[in-house]
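Values below: all heavy atoms of this structure, side chains included; hydrogens, waters and symmetry mates excluded. Predicted model only: the values in this text are computed from it and were never measured.
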Amino acid sequence: MIRDGLGGDRGSVAAEFAIAMTAVAVVVLLAVGMLGAAGRQILLQDAVADAARLASRGEGGARVSAVVQAAVPGASVEISDEGDLVCVTAARTVSGIPVSARGCALADGW
C-alpha cells in the first residue's frame, strides 16, 4: 500500500484555482466597467458639442438638455455664458466611475 505523504495538502489545488478565478473575474468586471465608462465618455462629449452649438444659436435650455439626455440618459446638464462663448457641461456616473464632458461654441455663431 502506498501512502500519501502530503496528507495536509489535499484539495489545495482546487482552493488555489478558486482564488485565481475570483481574481480573474474581478479584473474582467473592472475592465468591462472601464470600457463602458469610456464609451459613455465618447457619447457624452459628442452630445455636449452638439448641445453647445444649439445653445449658441439661441435654442432653449430644454432643447439643449434633451440632446444630451438622448445620448446619455440621466446626465446632468449645465449651460453657461463665458464671454463670447456658450458652454455646456454634462456629467454622469457610469458603473461607479464619474464621467463628464464640456463643450463650448461661439455665441450667435452658425
Return the set of residues passing salt bridge (Lys or Arg N to Asp or Glu O under 4.0 Å) with Arg102 (not counting sequence neighbours), or none when no residue passes.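 Applying salt bridge (Lys or Arg N to Asp or Glu O under 4.0 Å) to Arg102 gives Glu82.
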
If you look only at pairs with a residue in residues 63-73, which of them pass as a side chain to side chain donor-acceptor pair (under 3.5 Å), with sequence neighbours excluded?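 Qualifying pairs: none.
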
What residue pairs, at least two apart or across chains, pass side chain to side chain donor-acceptor pair (under 3.5 Å) with a residue in residues 32-50?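 Residue pairs passing side chain to side chain donor-acceptor pair (under 3.5 Å), neighbours aside: Asp50-Arg53.
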
Show which residues join [X] in its hydrophobic cluster (side-chain heavy-atom contacts under 4.5 Å, direct or indirect), or state none.
| X | value |
| --- | --- |
| Ile42 | none |
| Ile97 | Met34 |
| Val28 | Val24, Val32 |
| Val64 | Leu43, Leu44, Val48, Leu54, Val67, Val68, Val72, Val77, Ile79, Val86, Val88, Val94, Val99 |

From Ser56 OG over to Asp84 CG, what is the distance, rounded to the nearest 0.5 angstrom?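 Nearest 0.5 Å value for the OG-CG distance: 11.5 Å.
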
Under the side-chain contact (heavy atoms from CB on, under 4.5 Å) test, residues paired with [X] that sit two or more places apart:
| X | answer |
| --- | --- |
| Leu29 | none |
| Ala91 | Ser76, Ser100 |
| Val26 | Leu30 |

Taking only residues at least two apart or on different chains, which pairs with a member in residues 14-90 satisfy disulfide bond (SG atoms under 2.5 Å apart)?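 The answer is Cys87-Cys104.
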
Among residues two or more places apart or on two chains, list those pairs meeting salt bridge (Lys or Arg N to Asp or Glu O under 4.0 Å) that have a residue in residues 65-79.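 Matches after skipping sequence neighbours: none remain.
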
